[in-house]
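Remember, predicted model here, so these are calculated numbers, not experimental data.
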There are 2 protein chains.
Amino acid sequence: MDFDPMKPIWVQVANRLKQQIVTGDLPPGSKLPGGRDLALAYGINPNTAARIYQELEREGVCTTRRGMGTYVTEDDERIRSLKESMIRDALERFLADLAGLGISGKEALIWLKKEEESNDHQ
Amino acid sequence: MDFDPMKPIWVQVANRLKQQIVTGDLPPGSKLPGGRDLALAYGINPNTAARIYQELEREGVCTTRRGMGTYVTEDDERIRSLKESMIRDALERFLADLAGLGISGKEALIWLKKEEESNDHQ
DNA sequence: CTTAGTGCACTATATACATAATACACTAAT
DNA sequence: ATTAGTGTATTATGTATATAGTGCACTAAG
C-alpha cells in the first residue's frame, strides 16, 4: 500500500480496513491480524498498528480482547450504517470538490457518465 | 475557513486559492493579497502564508516578484489545464473511494437517490 | 529621501506523527 | 508450568507542521 504523505498512515490503514469490513472481505466476527502482523503486512510500525485498532474500537467497528486479539464486530446493523456513511462521505466530498470548482451537480453527472463510458470502452 | 486537521493548512489554503483561480474569481494577472494579509484573512501564520505562495509558484500558477507581491499567471492555457486536472482528480478520487467500497458509479447514483428520497420524507 | 508594502531569512517553541526498542500482562493451547 | 500469540505501556528519536517574533532587502509611491 502506498501512503498519501498528506494524511496520517493510521487514518489511511484504518480506512482500508473499514472498507474491507463493509464489503464483507472481513466478515462480522472474524479475527484481524495481530498488531505485529498488521505492521508487517503494511510495512508500518507496531505502535502505529496498535493505534489503528484502538481507532477501530473507538468507532465501534471492532472489539479488542486483551491476550486474544481484535475482531470485527458481529453487529450487522453497525456495519451496514458504516457502509452507508462512508458512501455518503465520498459523495459529499465529491460534490463539495466540484462546487469549489464552480461545477453543478448536473454537470458533475455529465463528467461521471463520460468517465463511465470511457471505462466501458476499455 | 475551517481546516481539516488531517491535512496541512498550507495544502488546504493553496487548493482554495487554485479553485478561485480556475473559476475566474481570481482573474489572470490579478494581484494576490500580501503574505501578511493572507495570513490575517485565513487566521494563519505569515510563515505558513509564505509557504502557500511558494507552492503556487512551484506549480506555475502564480509568479512572485520581490517587493511587489504575488500575481496569478496570465497563461490562460495553464489555468484551463489546471481546472481540467482538478476536475479529473476529484472524479478519480470519488470513483476510487467507491471502488474501495465495492460499488460502481452507477450503484452510487442509486444510493444518492435513496438518500434524496429519505431527505424528502423528513 | 522617506515611507509603506512587500518578499525573504532566521531562530525558537509546541504539537502530531512515525519510528525504534523494550518490557509487562493476559489468554489459549500444550 | 511452559510457551506462543496477543494487547498494552513506556521511553526515546527524528521529521513535519504550525506557530511566534524579529530583522533585512527590494519596490513603488509620496
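- With sequence neighbours excluded, the residues satisfying salt bridge (Lys or Arg N to Asp or Glu O under 4.0 Å) with B:Glu84 are B:Arg80.
- We find that CG of A:Leu32 is positioned 13 Å from C1' of D:dG7, with the value rounded to whole Å.
- Checked by atom type, the side-chain pair B:Gln19/B:Arg16 shows a donor-acceptor distance below 3.5 Å.
- Other residues sharing the hydrophobic cluster of B:Met68, ordered by chain and number and joined by side-chain separations under 4.5 Å: B:Tyr71.
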Dump the pairs, protein N or O against N or O of nucleotides 17-20 of chain D, anything under 3.5 Å, distances to one decimal.
residue: D:dT17; atom: OP2; partner: B:Arg51; partner atom: NH1; Å: 3.1
residue: D:dT17; atom: OP2; partner: B:Arg51; partner atom: NH2; Å: 2.8
residue: D:dA18; atom: OP1; partner: B:Ile9; partner atom: N; Å: 2.1
residue: D:dA18; atom: OP2; partner: B:Ile9; partner atom: N; Å: 3.2
residue: D:dT19; atom: OP2; partner: B:Asn45; partner atom: N; Å: 3.0
residue: D:dT19; atom: OP2; partner: B:Thr48; partner atom: OG1; Å: 3.0
residue: D:dA20; atom: N7; partner: B:Asn47; partner atom: ND2; Å: 3.0
residue: D:dA20; atom: N6; partner: B:Asn47; partner atom: ND2; Å: 3.1

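- Contact annotation: B:Lys31 reaches the phosphate of C:dT6 (side-chain N/O to OP1 or OP2, under 4.0 Å).
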Please tabulate the protein-to-nucleotide N/O contacts below 3.5 Å involving nucleotides 23-30 of chain C, giving atom names and distances.
residue: C:dA25; atom: O4'; partner: A:Arg66; partner atom: NH2; Å: 2.9
residue: C:dC26; atom: O4'; partner: A:Arg66; partner atom: NE; Å: 3.4

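- The closest side-chain heavy-atom distance from A:Leu17 to A:Tyr53 is below 4.5 Å.
- Ring-plane geometry between A:Tyr42 and A:Phe3 is classed as tilted, the angle between the planes lying from 30 to 60 degrees on a 0 to 90 degree scale.
- Side-chain contact between A:Val61 and A:Arg78 is absent, with no heavy-atom pair separated by less than 4.5 Å.
- When the side-chain nitrogen and oxygen atoms of A:Thr70 are compared with OP1 and OP2 of D:dG7, one or more of them lie within a distance under 4.0 Å.
- Of the residues in residues 52-63 of chain B, not one places a heavy atom less than 4.0 Å from an atom of DNA chain C.
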Report all side-chain donor-acceptor pairs from residues 26-35 of chain B shorter than 3.5 Å, counting only partners two or more places apart or in another chain.
residue: B:Ser30; atom: OG; partner: B:Pro27; partner atom: O; Å: 2.6

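- By the 4.5 Å heavy-atom criterion applied to side chains, A:Val11 and B:Met6 are counted as neighbours.
- Here the side chains of B:Glu92 and B:Leu95 are not in contact, with every heavy-atom distance at 4.5 Å or above.
- Between B:Cys62 and B:Ile21, the closest side-chain pair of non-hydrogen atoms falls below 4.5 Å.
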